[in-house]
Each structure stands twice: as structure tokens, then as C-alpha cells.
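Basis for what follows: all heavy atoms, side chains included, without hydrogens, waters or symmetry-related copies.
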Amino acid sequence: MRRALVASLACGLAGLLLAGCGLSDVVAPDSSVPGTVLPANFPAPVYALDANPPTPAAFALGRSLFYDARLSRDGSVSCGSCHQQFVAFANADHRLSHGVNNRLGTRNAPALQNLRWKPDFFWDGGPKNLETLPLAPLTNPLEMDETLDHVLAKLNADADYPRRFAAVYGPGPIDSYQFLRALAQFTASLTSANSRYDQVVRGEGNAVLTASEGRGRVLVAQKCASCHATDLFTDESFRNNGLSTGFGADSGRAHITGRATDVGRFKVPSLRNVALTAPYMHDGRFTTLAQVLAHYDHGVQASPTLDAALRPAGAPLGIPLTATEQADIIAFLNTLTDGSFIHDARLAEQR
């Protein structure tokens, strides 16, 4: 009875676009799938395991879809084109995303990691569910420039996909529900929680922080944790961090809500793997962590929605940081790099 209720709720969350919700795919989670074992130092996930129970076959199907350029109109761009594993599924090649026909996007492609814990997605928080998330880049004319109907037609005409989908979801043509659920099996697996920092806080092995890294950890807790909170290193809020006095080119969260109070507010990104995910900010304006910290020390610009943490009473805007403090913070941020995540062969394209 409980599994039937969970499956029904999952179908509802996926939205009206998803057809064919049934119980044939409700199976026990399989710990052999990456990301199924939830990190002990993380809070409870938003997208629970039983919302889309992981199985090896469904995960492998989602991985194939993630790296399949046929999801784009001209077969030139896959999800993996802009989200590259070696940089924590961010984009190392471009300040702004590039789509079909090399069309230039409007924002920096964010890292795809720990998506199970996100209540919403993108820099503006537009998509609200991990399963329907791919519809935005898939249909965006600056990204994949495709339609869901065309993608399904391609998959159903393929020599192999119908057989693989049938093995997971039962006989019949591939539909939107199956396609988006399978893709979510892969994106939900992208869990990064095995950095040296994690090993230290969980008391694993002989992992330790150096003196500089330890000082940086304290500084991050003191000066950054109001936004970069918990061991996810983000509170998932939207903040104006003083990049501009006006946001005519990109209003951020206001693009979704239409509220003047949201102009210039963007999603707080996680600091996990941050040493790998340059360039930084929604528009990729900074290429190094040193530039990011310099911005907070002396580059913050005033605007009506500037975050309160960056306009202390009776003091200059920003977060004052000495050169030594900045070096210690960067040393600590490097301990958040998860080598096992970026080198996990199970998450790579299978050729």
C-alpha cells in the first residue's frame, strides 16, 4: 500500500506532461547504483530514494540518455556536453553555455552534483522537480532546441532503446514518463560526498586538515556559512551578492517570480568541488577563486536587493578578508574536491 502511494505521488510531482504512470517500475532500491547510499553527514534528501527506486538497468538507461546527443535538434549537443564529469559536471570550456549551432546561452552551466537535495534548480530556481528538469534545456532554442515529441520519436525509432525501456518499464512505446524517470535515475545518482573534508568530519581513515586548511574551515564557518550552509555548502536560497548596481541583462530570480524584490538574486551554489568548477557566478565572470574572494573583499556593488550579509552597519560593503585569510579559505575549499566523484567510471559515458 505504501509503495503504491509513493508511486502515485511521484507521478503527480512529475507533472501533467508525464503519461503512463503505473506500478510496474516500483522496485527495491539497489545499493550497486551510484549515489544510493546516502551520506551520513548530509540532511534528508528532497528527492527521496523511494520516489524513483534506483536499479542498475534504469540507471544505465539514464546514463545513455544523458550522453546521447540525439536529444538535441541537430544531434550535436548532449546533457554531457555542458556538464562534464572531470569538473564535477560543470562546463570547463565556456563562460556561458553553448547549444546547437554553437548558439551562445545566457548563463554559466552549473555543476550537477547532489541534486537529490535540491528543492529547485537553475540559477533562478525555475524547475521544481528533478524529473521535469530536463525539459527546460531540451526545449530551449539556445541549448538543445528540441521538442519532447521529437525526442520520443527518435528513441522509439532506435534499434536498442525500445528493448531497454521495455526491460525496465514493461512493453509499449517509450513515453514521456519513462524517458524523464530514466534520466532522473542518472542525475539523482550524481552524489559528491567523499572529499577529504568529508573523510575528516566522518572520522574516516587518517584524513586530516593542515593548519591553513583548518583556519580556512573556521573562516568559512564564520564568514560564509550564512549562505553556504550545512555539509552541502549551500542553503539553496537566492541572494544578490553585489555583482552589479543593476541587472538589466539578467534579473535572476525575478525572471521567475516577477517581483522587484527578487531582482539580482541568484541561487547560492554549493562550494563542493568549487576548485574545479570555474568560471564562477551565473555569468561566469570570474575565472579564479582569488577573484571571487577579491570581489567579496572590495568589489561588492550596492543595489536595492543587495543581501544584508554584504551591507554591515557602519562598515564598507562586502566581507573584509586579509590576504592570509583569503589564502586559508582557498586552501580549505580545495579540501572539498571529491576525486572519487570526478573519476567514477560508472558516471562516465559508456562507449
Open item on the list: I need the F341 CZ to R272 CZ distance, nearest 0.5 Å.
Closed with: 10.5 Å

TODO: Check the side chains of Y67 and R63 for a donor-acceptor pair under 3.5 angstrom, ignoring hydrogens and angles.
DONE: no

Task: Y47 and N129: side chain donor to acceptor below 3.5 Å - done: no

Open item on the list: How close do A88 and N273 get, counting heavy atoms only, and between which atoms?
Closed with: CB-CB, 3.6 Å

Task: Shortest non-hydrogen separation from A193 to P39 and the atoms involved - done: CB-CG, 3.4 Å

Task: Test item: D297 side-chain N/O and L321 main-chain N/O as donor-acceptor pair under 3.5 Å - done: yes

Task: Residue from D328, V200, T335 passing side-chain contact (heavy atoms from CB on, under 4.5 Å) with R217 - done: V200

Task: Heavy-atom neighbours of H94 NE2 exceed 12 at 6.0 Å - done: yes

TODO: Would you please say whether a donor-acceptor pair under 3.5 Å links the side chains of S195 and D198?
DONE: yes

- [ ] Keeping the roles fixed (side chain from D145, backbone from V100), state whether a donor-acceptor pair exists under 3.5 Å.
- [x] no

Open item on the list: Tell me if a side-chain donor or acceptor on E236 pairs with a main-chain N or O of K267 at a distance below 3.5 Å.
Closed with: no

Open item on the list: Main chain of G35, side chain of S189: is a donor-acceptor contact present, judged purely on distance under 3.5 Å?
Closed with: no

Task: Rounded distance (nearest 0.5 Å) linking atom CD1 of I174 with atom CG of L61 - done: 7.5 Å

TODO: Classify the side-chain pair D235/T230 by whether it contains a donor and acceptor separated by less than 3.5 Å.
DONE: no

TODO: Ignoring hydrogens and angles, tell me if any N or O in the side chain of H98 forms a donor-acceptor pair with the backbone of V77 under 3.5 Å.
DONE: no

Open item on the list: Using every non-hydrogen atom in the two residues, find where G105 and L96 come nearest and quote the distance to one decimal.
Closed with: O-CD1, 3.5 Å

Task: Straight-line distance of F165 CZ to L155 CG, nearest 0.5 Å - done: 5.5 Å

Open item on the list: So L289 and Q326, do their side chains get closer than 4.5 Å, heavy atoms only?
Closed with: no

Open item on the list: Between Y169 and D175, do the side chains contain a donor N or O and an acceptor N or O under 3.5 Å apart?
Closed with: no

Task: Side-chain donor or acceptor of S64 paired with backbone N/O of A60 under 3.5 Å - done: yes

Open item on the list: Regarding D250 and R107, does a basic nitrogen lie under 4.0 Å from an acidic carboxylate oxygen?
Closed with: yes

Open item on the list: Just so I know, are the side chains of F186 and C79 near enough to count as touching, which here means a heavy-atom distance under 4.5 Å?
Closed with: no

- [ ] Report yes if some heavy atom in the side chain of L190 is under 4.5 Å from a heavy atom in the side chain of N114; otherwise report no.
- [x] no

Task: T277 side chain reached by Y280 side chain, heavy atoms, under 4.5 Å - done: yes

Open item on the list: With a 4.5 Å cut-off on side-chain heavy atoms, are D231 and Y197 touching?
Closed with: yes

TODO: Check whether the side chains of D149 and T147 place a donor and an acceptor atom closer than 3.5 Å, and report yes or no.
DONE: no

TODO: Check whether any side-chain heavy atom of Q84 lies under 4.5 Å from a side-chain heavy atom of F89, and answer yes or no.
DONE: no

TODO: Measure from the side-chain N and O atoms of R95 to the backbone N and O of D283, and report whether any donor-acceptor pair falls under 3.5 Å.
DONE: yes

TODO: To the nearest 0.5 angstrom, please state how far the CG atom of L219 sits from the SG atom of C224.
DONE: 8.0 Å

- [ ] To the nearest 0.5 Å, tell me how far K154 NZ sits from R70 CZ.
- [x] 8.5 Å

Open item on the list: Could you check whether any side-chain heavy atom of S176 comes within less than 4.5 Å of a side-chain heavy atom of L152, counting everything from C-beta outward?
Closed with: yes

Task: Within 45° cone of F238 ring axis and under 6.0 Å: R253 NZ or CZ - done: yes

Open item on the list: So which atom in A109 and which in C82 form the shortest heavy-atom distance, rounded to 0.1 Å?
Closed with: CB-O, 3.7 Å

Open item on the list: Between S237 and R239, is there a side-chain donor-acceptor contact under 3.5 Å, judged purely by atom types and distance?
Closed with: yes

Task: Between T305 and D262: side-chain donor-acceptor atoms closer than 3.5 Å - done: no

Open item on the list: Under a 3.5 Å distance rule, please check whether Q301 uses its side chain to pair with a backbone N or O of L243 as donor and acceptor.
Closed with: yes

Open item on the list: If I take atom CD1 from residue I329 and atom CG from residue L293, how far apart are they, to the nearest 0.5 angstrom?
Closed with: 5.5 Å

Task: Electrostatic pair E213-R215, nearest N-O below 4.0 angstrom - done: no

- [ ] Write down the atom of F122, the atom of L133, and the distance for their closest heavy-atom approach.
- [x] CE2-CD1, 3.3 Å

Task: Closest non-hydrogen atom pair between R202 and N41, with its separation - done: NH1-OD1, 2.8 Å

Task: Min side-chain heavy-atom separation V46-R116 under 4.5 Å - done: no

Task: Joint hydrophobic cluster, L306 plus V268, side-chain heavy atoms closer than 4.5 Å - done: no

Task: Note: R265-D124 ion pair, threshold 4.0 Å (strictly below) - done: no

